[in-house]
Amino acid sequence: MAKKETNAPVTGPDNTGNEKKSRAGTCPSGFYIYIGPNIKKHIRTGTIYRGTRANALKQAAEAIKAYPLVKTLIVSGDALPEARLKVKAPGNALYANYMKLKLAGKEGK
């Protein structure tokens, strides 16, 4: 009978040994994106921020100061597909915040 080696690393579909280790405040995709409406002189839809969430919020600080809900519509690249669907579907916080910002942006606050 062959002996089983117990010191061998575990590999397989769940653990290949090549996974990126996520650091606090970052996402594996490495970017954040604003999915809210355009707000003149402040922020545009689809603005991409590379790096950490803190970096993204720092770069969007002017828009966040003028419109605090902007912060809720900056999402990680990993959450982007799901967040884009939620922004278009009534009955959730992303949709509600998008609509509030859309109205506030038209009124000029």
Side-chain angles (χ1 to χ4, degrees):
M1 249 173 127
K3 288 185 178 180
K4 225 178 198 184
E5 193 174 317
T6 58
N7 294 338
V10 178
T11 59
D14 295 331
N15 185 6
T16 61
N18 296 348
E19 293 89 12
K20 289 184 181 177
K21 303 237 177 185
S22 174
R23 288 177 266 138
T26 63
C27 64
S29 64
F31 72 94
Y32 289 81
I33 187 166
Y34 172 68
I35 60 169
N38 288 335
I39 301 174
K40 288 184 182 179
K41 300 180 185 177
H42 293 287
I43 196 165
R44 296 187 51 84
T45 301
T47 303
I48 296 172
Y49 305 99
R50 298 227 176 252
T52 64
R53 179 163 176 80
N55 182 47
L57 298 178
K58 183 179 175 184
Q59 289 182 29
E62 182 184 324
I64 293 170
K65 184 177 179 183
Y67 300 93
L69 288 177
V70 165
K71 184 176 182 178
T72 64
L73 294 170
I74 296 176
V75 299
S76 71
D78 300 327
L80 182 59
E82 184 179 329
R84 281 193 173 163
L85 294 174
K86 284 185 176 182
V87 162
K88 296 176 185 177
N92 63 72
L94 286 176
Y95 177 83
N97 291 344
Y98 183 95
M99 297 311 282
K100 288 176 187 175
L101 274 174
K102 191 172 180 180
L103 289 173
K106 284 185 179 180
E107 295 171 358
K109 191 176 177 184

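Count residues from 1 along the sequence. Computed over heavy atoms, backbone and side chain alike; hydrogens, waters and symmetry mates excluded.
Asn38 places a side-chain N or O within 3.5 Å of a backbone atom of Thr45 that can act as its donor or acceptor partner.
For the side chain to side chain contact (heavy atoms under 4.5 Å, CB included) with Leu101, the lone residue among Thr72, Val70, Ile43 that qualifies is Val70.
Note that the CD1 atom of Ile48 and the OH atom of Tyr32 stand 14.0 Å from one another [nearest 0.5 Å]. The line from NE2 of His42 to OG1 of Thr47 is 13.0 Å long, rounded to the nearest 0.5 Å. Note that CD1 of Ile33 is 10.0 Å distant from CZ of Arg50, once rounded to the nearest 0.5 Å. To the nearest 0.5 angstrom, Leu94 atom CG is 12.5 Å from Arg84 atom CZ. Taking CG from Leu80 and CD1 from Ile35, the interatomic distance works out to 7.0 Å, rounded to the nearest 0.5 Å.
Residue Ala60 comes nearest to Tyr49 through the heavy atom pair CB-OH, 3.6 Å, listed as atom of the first residue, atom of the second, then distance. Taking each heavy atom of Lys86 and Tyr95 in turn, the nearest pair found is O-CB, 3.6 Å. Looking at every heavy atom in both residues, Gly77 comes nearest to Ser29 through CA-OG, 3.4 Å. In terms of heavy atoms, Gly36 sits closest to Leu73 at CA-CD1, 3.8 Å.
Counting only heavy atoms from C-beta outward, the side chains of Lys58 and Thr52 never approach each other to under 4.5 Å. For the pair Tyr34/Ile74, a side-chain contact is recorded, criterion being any heavy-atom separation below 4.5 Å from C-beta on.
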